Amino acid sequence: QKEVEQNSGPLSVPEGAIASLNCTYSDRVSQSFFWYRQYSGKSPELIMSIYSNGDKEDGRFTAQLNKASQYVSLLIRDSQPSDSATYLCAVNPRTGGFKTIFGAGTRLFVKA
Amino acid sequence: EAGVAQSPRYKIIEKRQSVAFWCNPISGHATLYWYQQILGQGPKLLIQFQNNGVVDDSQLPKDRFSAERLKGVDSTLKIQPAKLEDSAVYLCASSFPGQGYVQYFGPGTRLTVT
């Protein structure tokens, strides 16, 4: 079982729709969770971080964490063509800065 | 605030040659990471430094890869000798403990081994 699993996609949604990206992780003691966006040919950039169960909202983005189910998701509301990118889920087992594990990413296409 | 700097941006070498990459992290960031990202995959951690000490190098192929971080600032990653399967983007990232270990990535170095 991979440590961090994501559906590779591609996920295609029409402009203005909600895009839902999902991630599961295997290490039950994981503490820190991140979503990074990576445009083609570019390096990853942070979209959201979440550390406790529940929802965290930032503009059009909402991260959802369920530690009991070992599941973290990212919702993008009012999707725009500029949101088309690969979204990487990253999990850090502890807050002490131990090795962060990245998923393989989900490719998102937002159709105009 | 200046971002993470990396050089070179692109490198093409033949197999069995050696290559070195350089990284300058964001000022004040004690933690520095080197990742290897193969096309279609997520970044894989090669080595993580805390100041100039190694925190994790469990996935670094030590027979051919080496890395150092002198004076706890700049870092270099070296491959000697290179293999075809080393073709990838090498990403450097840095983080500050007070920011929940959010990582800031440099532009990366695209290595092609022929």
Side-chain angles (χ1 to χ4, degrees), chain A residues 2-10 21-27 30-52 56 58 61 63 65 72 74 85-108, chain B residues 1 3-7 9-10 21 23-26 29-51 53-60 72 88-112:
Chain A
K2 293 181 181 178
E3 295 176 271
V4 178
E5 289 207 58
Q6 298 181 252
N7 187 325
S8 62
L21 305 166
N22 304 314
C23 172
T24 58
Y25 58 94
S26 60
D27 189 342
S30 297
Q31 295 290 334
S32 306
F33 306 86
F34 308 90
W35 283 99
Y36 288 84
R37 177 176 63 198
Q38 187 171 29
Y39 291 115
S40 180
K42 302 295 185 182
S43 57
E45 57 179 337
L46 181 76
I47 296 295
M48 296 281 285
S49 59
I50 187 167
Y51 304 98
S52 55
K56 179 181 178 182
D58 184 0
F61 300 94
L65 175 60
V72 59
L74 179 70
T86 296
Y87 289 81
L88 299 166
C89 174
V91 175
N92 189 304
R94 300 173 196 172
T95 55
F98 291 91
K99 182 170 66 178
T100 300
I101 308 296
F102 282 82
T106 297
R107 293 178 66 194
L108 173 66
Chain B
E1 178 182 74
V4 177
Q6 288 188 248
S7 67
R9 293 294 310 278
Y10 306 92
F21 312 127
C23 173
N24 181 249
I26 293 173
H29 282 198
T31 310
L32 185 147
Y33 315 77
W34 282 103
Y35 289 93
Q36 179 192 61
Q37 187 173 26
I38 293 172
L39 188 64
Q41 299 181 18
K44 182 182 83 170
L45 181 70
L46 294 176
I47 189 167
Q48 178 177 336
F49 292 96
Q50 182 74 17
N51 296 308
V54 175
V55 173
D56 188 299
D57 63 356
S58 58
Q59 298 189 103
L60 186 73
V89 175
Y90 291 84
L91 295 164
C92 179
S94 68
S95 67
F96 181 70
Q99 293 180 339
Y101 288 92
V102 169
Q103 296 181 36
Y104 298 86
F105 286 83
T109 297
R110 183 176 299 276
L111 174 67
T112 302

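Fair warning: this is a prediction, and the values are worked out from it, not measured in the lab. Chain letters run A, B, ... following the sequence lines, proteins first, then strands; residues in each count from 1.
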**OP:** Taking atom CZ of A:Arg37 as the centre, report whether more than 12 heavy atoms of other residues, nucleotides or ligands fall under 6.0 Å from it.
**Re:** yes
Original post:
More than 12 heavy atoms of other residues, nucleotides or ligands under 6.0 Å from OH of A:Tyr39: is that the case?
Top reply: yes
Subject >> Minimal non-hydrogen separation, A:Tyr36 against B:Val102, with atom names >> reply: OH-C, 4.0 Å
**OP:** To the nearest 0.5 Å, tell me how far B:Gln37 CD sits from A:Leu88 CG.
**Re:** 6.5 Å
Subject >> Interchain contact, B:Pro107 with chain A, by part (heavy-atom threshold 4.5 Å) >> reply: backbone
Original post:
Under 4.5 Å between any side-chain heavy atoms of A:Leu46 and B:Gln103, yes or no?
Top reply: no
**OP:** Identify the residue among B:Val89, B:Leu91, B:Val4 that makes a side chain to side chain contact (heavy atoms under 4.5 Å, CB included) with A:Ser43.
**Re:** B:Leu91
Subject >> Criterion side chain to side chain contact (heavy atoms under 4.5 Å, CB included) against A:Pro44, the qualifying member of B:Tyr104, B:Tyr35, B:Phe105 >> reply: B:Phe105
Original post:
With only heavy atoms counted, which part of B:Ser95 is less than 4.5 Å from chain A, the side chain, the backbone, both or neither?
Top reply: neither
Original post:
Is it the backbone or the side chain of A:Gln6 that comes under 4.5 Å from a heavy atom of chain B, or both, or neither?
Top reply: neither
Subject >> Where A:Phe102 and B:Pro43 come nearest, the two heavy atoms and their spacing >> reply: CB-O, 3.6 Å
**OP:** Examine distances only and state if a side-chain atom of B:Tyr33 and a backbone atom of A:Lys99 form a donor-acceptor pair shorter than 3.5 Å.
**Re:** no
